[in-house]
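Notes to accompany the following structure.
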Amino acid sequence: MLNYTLSHRMTAVTNLVPAGMTACDIGCDHGFVAIYLVEKGICPRVVAMDVNKGPLLRAREHIENAGLSPYIETRLSDGLEKLKPGEADCMIAAGMGGRLTVKILSDHPEKRKSLRFLVLQPQSEVAYVRRFLRENGYVIRKEDVVLEDGKFYQMMAAEAVPLGEDSGDIRSPEEERAVYPESLEDKFGPCLLRERHPVLLRYLDWWEEQQEKILKQVLTYPERRGQVEAELARIKDAREWMEKGEKYI
């Protein structure tokens with residue numbers, strides 16, 4: 001019997017994984033996410049992959065101790081390199097930078113296109129990741145943001161939607177752009193804004209405070225001052241969007 005505890009952040013990530021789908025966990029580290037998904041009956045099978053041998057060996061040991069080797073396969077893989085097209089329905093990538101996340105998605109486009117869902121939790125440049133999704137035919141279905149150990153973590157579940165197909169409750173990327181500014185949806189998240197997520201409100205308060213501190217330090221530098229003032233205006237717009245809600249739609 002394996003004893004382990006998922007962090008609040010990683011539990012939130014697993015809650016975005018669609019039930020009943022085979023998943024591949026990129027950068028699986030200790031393997032606990034894959035174990036949790038199978039133990040909770042969320043995924044019937046998981047391919048756990050990592051680019052480093054050490055973490056993969058630890059993951060394999062944990063999977064064996066949990067008695068889940070028939071359901072979780074480990075592979076040494078640089079991103080999607082060792083995944084076979086059509087082998088998984090959902091890709092999970094959590095805890096890595098936004099640029100690396102996009103690189104992984106870009107390096108093997110055919111394998112990426114064989115996946116229906118992407119569950120992503122970039123540690124940085126979240127707007128860059130959202131823009132990539134929007135520009136490559138994905139609709140963000142669900143989002144979450146958590147505060148853990150003094151840091152905010154944004155995460156999303158995106159679905160590949162063929163051109164012209166009904167996108168359901170969430171609008172298509174083209175419709176989204178007609179509804180509110182891309183800078184707001186990319187920076188703060190379309191679902192988080194629409195749902196008036198309480199942790200996003202806390203994030204906006206924190207981010208505004210940080211920008212106000214920076215502004216005091218750059219008052220004599222016109223270019224940098226303009227950037228900070230633009231960010232403060234964007235925070236204000238996001239807060240007003242959340243307050244007015246459907247009036248913007």
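What you see is a predicted model; the values in this text were computed from it and never measured.
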Value rounded to 0.5 Å, distance of [atom1] in [X] from [atom2] in [Y]:
{"X": "Leu37", "Y": "Thr22", "atom1": "CG", "atom2": "OG1", "value": "11.0 Å"}
{"X": "Leu184", "Y": "Met242", "atom1": "CG", "atom2": "CE", "value": "11.0 Å"}
{"X": "Glu208", "Y": "Tyr203", "atom1": "CD", "atom2": "OH", "value": "12.0 Å"}
{"X": "Leu204", "Y": "Asp237", "atom1": "CG", "atom2": "CG", "value": "11.0 Å"}
{"X": "Asp186", "Y": "Arg234", "atom1": "CG", "atom2": "CZ", "value": "9.5 Å"}

Mind running side chain to side chain contact (heavy atoms under 4.5 Å, CB included) on His8 and Tyr153 for me, showing each step along the way? CA-CA 10 Å; His8 180 36; Tyr153 298 93; over 6 Å; no

Can you sort out the partners of His197 under side-chain hydrogen bond (donor to acceptor under 3.5 Å, both in side chains), two or more places apart, ordered by chain and number? Asp144

With a 4.5 Å heavy-atom cut-off, do Glu240 and Lys236 have their side chains touching? yes

When hydrophobic residues are tied together by side-chain contacts of less than 4.5 Å, even through go-betweens, does [X] share a cluster with [Y]?
{"X": "Leu6", "Y": "Val38", "answer": "yes"}
{"X": "Leu68", "Y": "Met21", "answer": "no"}
{"X": "Val13", "Y": "Ile42", "answer": "yes"}

Should [X] and [Y] count as an ion pair when the cut-off is N to O under 4.0 Å?
{"X": "Arg58", "Y": "Glu61", "result": "no"}
{"X": "Glu87", "Y": "Lys82", "result": "no"}
{"X": "Lys213", "Y": "Glu209", "result": "yes"}

For Ser69, side chain to side chain contact (heavy atoms under 4.5 Å, CB included) partners two or more places apart: Ile63, Glu64

For Arg225, which residues count as a side chain to side chain contact (heavy atoms under 4.5 Å, CB included) partner, sequence neighbours excluded? Leu215, Val218, Leu219, Glu229

Passing option when Glu143 is tested against Arg130, Arg194, Gln154 for side chain to side chain donor-acceptor pair (under 3.5 Å): Arg130

Provide the closest heavy-atom pair for [X] versus [Y] in the form atom of the first, atom of the second, distance.
{"X": "Val145", "Y": "Leu200", "result": "CG1-N, 3.7 Å"}
{"X": "Gly79", "Y": "Ser77", "result": "O-OG, 2.9 Å"}
{"X": "Asn15", "Y": "Lys142", "result": "O-NZ, 3.5 Å"}
{"X": "Asp25", "Y": "Ala34", "result": "OD2-N, 4.4 Å"}
{"X": "Phe188", "Y": "Ile235", "result": "CZ-CG1, 4.3 Å"}

Does Arg202, at its CZ atom, have more than 12 non-hydrogen atoms belonging to other residues, nucleotides or ligands within less than 6.0 Å? no

Any chance OH of Tyr71 has more than 12 other-residue heavy atoms, nucleotides or ligands included, within less than 6.0 Å? no

Side chain to side chain contact (heavy atoms under 4.5 Å, CB included), that's the test. Do Glu231 and Ile214 meet it? Break it down for me. CA-CA 11 Å; Glu231 186 64 20; Ile214 295 173; over 6 Å; no

Anything under 3.5 Å between a donor and an acceptor, one on a side chain of residues 48-57, the other on a protein residue two or more places apart or in another chain? List them.
{"from": "Asp50", "atom 1": "OD1", "to": "Asn52", "atom 2": "N", "distance (Å)": "3.0"}
{"from": "Asp50", "atom 1": "OD2", "to": "Cys28", "atom 2": "N", "distance (Å)": "3.3"}
{"from": "Asp50", "atom 1": "OD2", "to": "Asp29", "atom 2": "N", "distance (Å)": "3.1"}

Does anything in residues 17-60 pair up under ring pair (Phe, Tyr, Trp, His ring centres under 6.0 Å), and if so which pairs, sequence neighbours excluded? Tyr4-Phe32, His30-Phe32, Phe32-His62

Which atom pairs, donor and acceptor, lie under 3.5 Å between side-chain atoms of residues 96-122 and protein residues at least two apart or in another chain?
{"from": "Arg99", "atom 1": "NE", "to": "Glu125", "atom 2": "OE1", "distance (Å)": "3.3"}
{"from": "Arg99", "atom 1": "NE", "to": "Glu125", "atom 2": "OE2", "distance (Å)": "2.9"}
{"from": "Arg99", "atom 1": "NH1", "to": "Tyr128", "atom 2": "OH", "distance (Å)": "3.4"}
{"from": "Arg99", "atom 1": "NH2", "to": "Glu125", "atom 2": "OE2", "distance (Å)": "3.2"}
{"from": "Thr101", "atom 1": "OG1", "to": "Gly97", "atom 2": "O", "distance (Å)": "2.9"}
{"from": "Lys103", "atom 1": "NZ", "to": "Asp107", "atom 2": "OD2", "distance (Å)": "2.7"}
{"from": "Ser106", "atom 1": "OG", "to": "Val102", "atom 2": "O", "distance (Å)": "2.8"}
{"from": "Lys111", "atom 1": "NZ", "to": "Leu80", "atom 2": "O", "distance (Å)": "3.3"}
{"from": "Lys111", "atom 1": "NZ", "to": "Glu81", "atom 2": "O", "distance (Å)": "2.4"}
{"from": "Lys111", "atom 1": "NZ", "to": "Leu83", "atom 2": "O", "distance (Å)": "3.0"}
{"from": "Arg112", "atom 1": "NE", "to": "Tyr138", "atom 2": "OH", "distance (Å)": "3.2"}
{"from": "Arg112", "atom 1": "NH1", "to": "Leu105", "atom 2": "O", "distance (Å)": "2.9"}
{"from": "Ser114", "atom 1": "OG", "to": "Gly86", "atom 2": "N", "distance (Å)": "3.3"}
{"from": "Ser114", "atom 1": "OG", "to": "Lys111", "atom 2": "O", "distance (Å)": "2.6"}
{"from": "Arg116", "atom 1": "NE", "to": "Glu159", "atom 2": "OE2", "distance (Å)": "2.8"}
{"from": "Arg116", "atom 1": "NH2", "to": "Glu159", "atom 2": "OE2", "distance (Å)": "2.9"}
{"from": "Gln121", "atom 1": "OE1", "to": "Arg9", "atom 2": "NH1", "distance (Å)": "2.5"}
{"from": "Gln121", "atom 1": "OE1", "to": "Gly95", "atom 2": "N", "distance (Å)": "3.3"}
{"from": "Gln121", "atom 1": "NE2", "to": "Gln123", "atom 2": "OE1", "distance (Å)": "2.8"}

